[in-house]
Number of protein chains: 4
Amino acid sequence: MNWNEHKAIYLQIADHIIEDILIEKLKSGDRVASVRELAAQIQVNPNTVVRSYGMLEQAAILHNQRGLGFYIAEGAIEKARVLKRTEFLEQTLPEVFKTMQLLQIPVNELIALHHQFQNISQ
Amino acid sequence: MNWNEHKAIYLQIADHIIEDILIEKLKSGDRVASVRELAAQIQVNPNTVVRSYGMLEQAAILHNQRGLGFYIAEGAIEKARVLKRTEFLEQTLPEVFKTMQLLQIPVNELIALHHQFQNISQ
Amino acid sequence: MNWNEHKAIYLQIADHIIEDILIEKLKSGDRVASVRELAAQIQVNPNTVVRSYGMLEQAAILHNQRGLGFYIAEGAIEKARVLKRTEFLEQTLPEVFKTMQLLQIPVNELIALHHQFQNISQ
Amino acid sequence: MNWNEHKAIYLQIADHIIEDILIEKLKSGDRVASVRELAAQIQVNPNTVVRSYGMLEQAAILHNQRGLGFYIAEGAIEKARVLKRTEFLEQTLPEVFKTMQLLQIPVNELIALHHQFQNISQ
DNA sequence: GTGGTCTAGACCACC
DNA sequence: GTGGTCTAGACCACA
């Protein structure tokens with residue numbers, strides 16, 4: 001993982017889990033790594049992981065079986081999708097469009113760049 | 001200005017000036033408000049403005065005429081454009097496209113949303 | 001440290017760190033004193049240290065491990081050397097040579113003075 | 001003139017006059033431009049010129065004939081030489097030598113660079 | 001604990 | 001008048 005970014009680490013961890021859910025790498029009922037395991041694995045302070053899991057628990061994406069660990073909640077994928085989608089439509093896109101306007105980037109260019117991106121990521 | 005956002009004020013000020021340059025509200029050679037003026041005007045501590053101006057000076061977007069104030073530098077618009085554009089193409093767009101992939105949002109939808117946005121902002 | 005000089009304190013701090021890197025008193029990966037520690041140690045306001053560290057971070061000589069402190073970056077010594085060397089060759093030396101010309105100081109004298117200096121500083 | 005440098009303008013003006021004296025472009029008894037003339041000529045606030053002239057007067061390099069203007073004083077060239085020389089030997093050179101030590105620049109290189117400089121400035 | 005930001009207020013050099 | 005620097009002290013997010 002890139003800790004280089006300026007986004008808070010605990011948010012990056014949460015994001016990562018949400019993405020794994022969306023690509024169905026993690027499914028409802030799956031157990032996620034314990035706080036200590038994950039912390040050791042990604043070289044991070046356990047408190048940071050606690051915060052990420054706490055956030056996801058509050059969003060009802062994880063739930064905590066006391067003494068057993070954290071599990072992907074029922075309906076997690078839908079919730080994850082709504083969460084991401086809302087953020088994308090209401091936060092990200094407006095800014096993107098505003099910037100395009102400012103830089104006078106036409107939609108055509110955006111589409112072209114999108115094609116490029118898809119070809120690369122295949 | 002919206003101090004509501006969680007972005008640092010000094011960055012918001014800098015951003016604002018860059019945008020004014022991009023829409024040619026500010027042009028090379030124009031004098032910007034003095035530190036104290038701007039601070040009073042937007043209800044902010046002068047040191048905060050100093051920080052913004054310092055940043056923009058280092059980016060060669062502003063330059064300081066000793067004892068007279070800050071002026072929009074020659075070529076500021078090009079520098080501003082490159083700055084914003086680079087950030088947009090290398091930071092923002094890849095994330096946007098990745099999210100679209102994750103949420104399975106097709107390009108069509110993106111284009112439609114863009115049209116909506118343009119109609120609203122007119 | 002000599003606060004007597006009229007050079008800004010935050011620049012003196014940065015210079016001092018750069019020198020410590022050049023004489024390998026500080027090496028890549030070493031942790032530097034925390035902002036508060038250094039501030040207390042050299043009797044200076046923490047904000048002043050923040051400014052120094054910020055400068056060095058931007059120059060990629062320090063990097064910040066979130067919540068842990070500042071560390072000497074990889075390749076810091078090369079960057080420090082280039083920085084100092086460029087300044088010396090492009091700013092300092094031309095002025096020195098110009099002054100020598102003006103005062104009609106021959107190279108011989110310069111060399112002699114250099115020997116003297118080395119003997120003293122041994 | 002380059003107002004770009006970070007040296008104070010009034011010091012740059014004074015320096016310039018001292019240099020003109022050292023290369024005997026200005027000689028004892030010569031009248032220098034009036035404050036207003038010089039200020040207009042080099043696009044600078046008259047107060048700044050006043051300060052430069054004041055400095056040089058205090059150093060007995062200029063003297064003021066009230067109502068007539070400023071003139072190069074008797075013995076100005078010697079005083080100018082001593083001034084520059086002292087500054088050079090006591091301020092500049094020690095720093096230069098210290099930097100050379102830090103960057104491990106041998107005397108040979110210094111001499112070579114000096115030759116280069118002389119060839120260029122011829 | 002770490003750094004990041006902001007405020008209020010001061011002093012300074014310079015134009 | 002201008003900006004540049006520094007202090008003291010506060011609050012915050014983060015690890």
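Below, chains carry the letters A, B, ... as their sequence lines are ordered, and counting in each starts from 1.
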- Message: The criterion is ring pair (Phe, Tyr, Trp, His ring centres under 6.0 Å); which residues satisfy it with A:Phe88, sequence neighbours excluded?
- Response: none
- Does B:Asn64 have a side-chain nitrogen or oxygen under 4.0 Å from the phosphate oxygens OP1 or OP2 of F:dG4? yes
- Query: How is B:Asn45 classified with respect to the nucleic acid when contacts are heavy atoms under 4.0 Å: base, sugar-phosphate, or nothing?
  - Reply: base
- 5' precedence on DNA chain E between B:Pro46 and C:Gly69 (nearest-nucleotide basis): C:Gly69
- Task: Give a yes or no on whether a donor-acceptor pair under 3.5 Å exists between the nucleobase atoms of E:dG3, that is its base, and the side chain of C:Arg36.
- Result: yes
- Salt bridge between A:Asp30 and A:Lys25, side-chain N to carboxylate O under 4.0 Å? no
- Message: Checking B:Thr92 against A:Glu95 for the side chain to side chain contact (heavy atoms under 4.5 Å, CB included) test, could you report, in this order, the C-alpha distance in whole Å, the side-chain angles of both residues, the deciding distance, and whether it holds?
- Response: CA-CA 10 Å; B:Thr92 311; A:Glu95 279 185 33; over 6 Å; no
- Query: For C:Thr48 and B:Arg31, take the nucleotide of DNA chain F holding the closest heavy atom to each; which residue's nucleotide lies nearer the 5' end?
  - Reply: B:Arg31
- Assign each of C:Phe70 and D:Arg51 the nucleotide of DNA chain E bearing its closest heavy atom; nearer the 5' end lies the nucleotide of C:Phe70
- Among residues two or more places apart or on two chains, list those pairs meeting ring-ring contact (aromatic ring centres under 6.0 Å, His included) that have a residue in residues 44-65 of chain C. C:Tyr53-C:Phe70
- Among E:dT5, F:dT5, F:dA15, the one nearest A:Tyr10 by side-chain distance: F:dA15
- Message: Check this for me: does the side-chain of C:Arg66 come within 3.5 Å of the base of E:dG3 through a donor and an acceptor?
- Response: no
- Rounded to the nearest 0.5 Å, the CD1 atom of B:Ile18 sits from the CD1 atom of B:Ile61 at a distance of 4.5 Å
- Whole-Å gap separating C1' (E:dT2) and CD (C:Glu57): 13 Å
- Query: Could you write out DNA chain E as a dot-bracket string, with dots for unpaired bases, | for bases paired across to another strand, and Watson-Crick or G-U pairs counted at under 3.5 Å?
  - Reply: ||||||||||||||.
- Message: Taking the basic N atoms (NZ, or NE/NH1/NH2) and the acidic carboxylate oxygens, is any pair closer than 4.0 Å for B:Glu19 and A:Lys98?
- Response: yes
- Task: Nearest-nucleotide wise, let me know which of B:Glu37 and C:Asn47 is further upstream toward the 5' end of DNA chain F.
- Result: B:Glu37
- Message: Distance check needed: F:dA8 C1' versus C:Ile9 CD1, whole Å only.
- Response: 14 Å
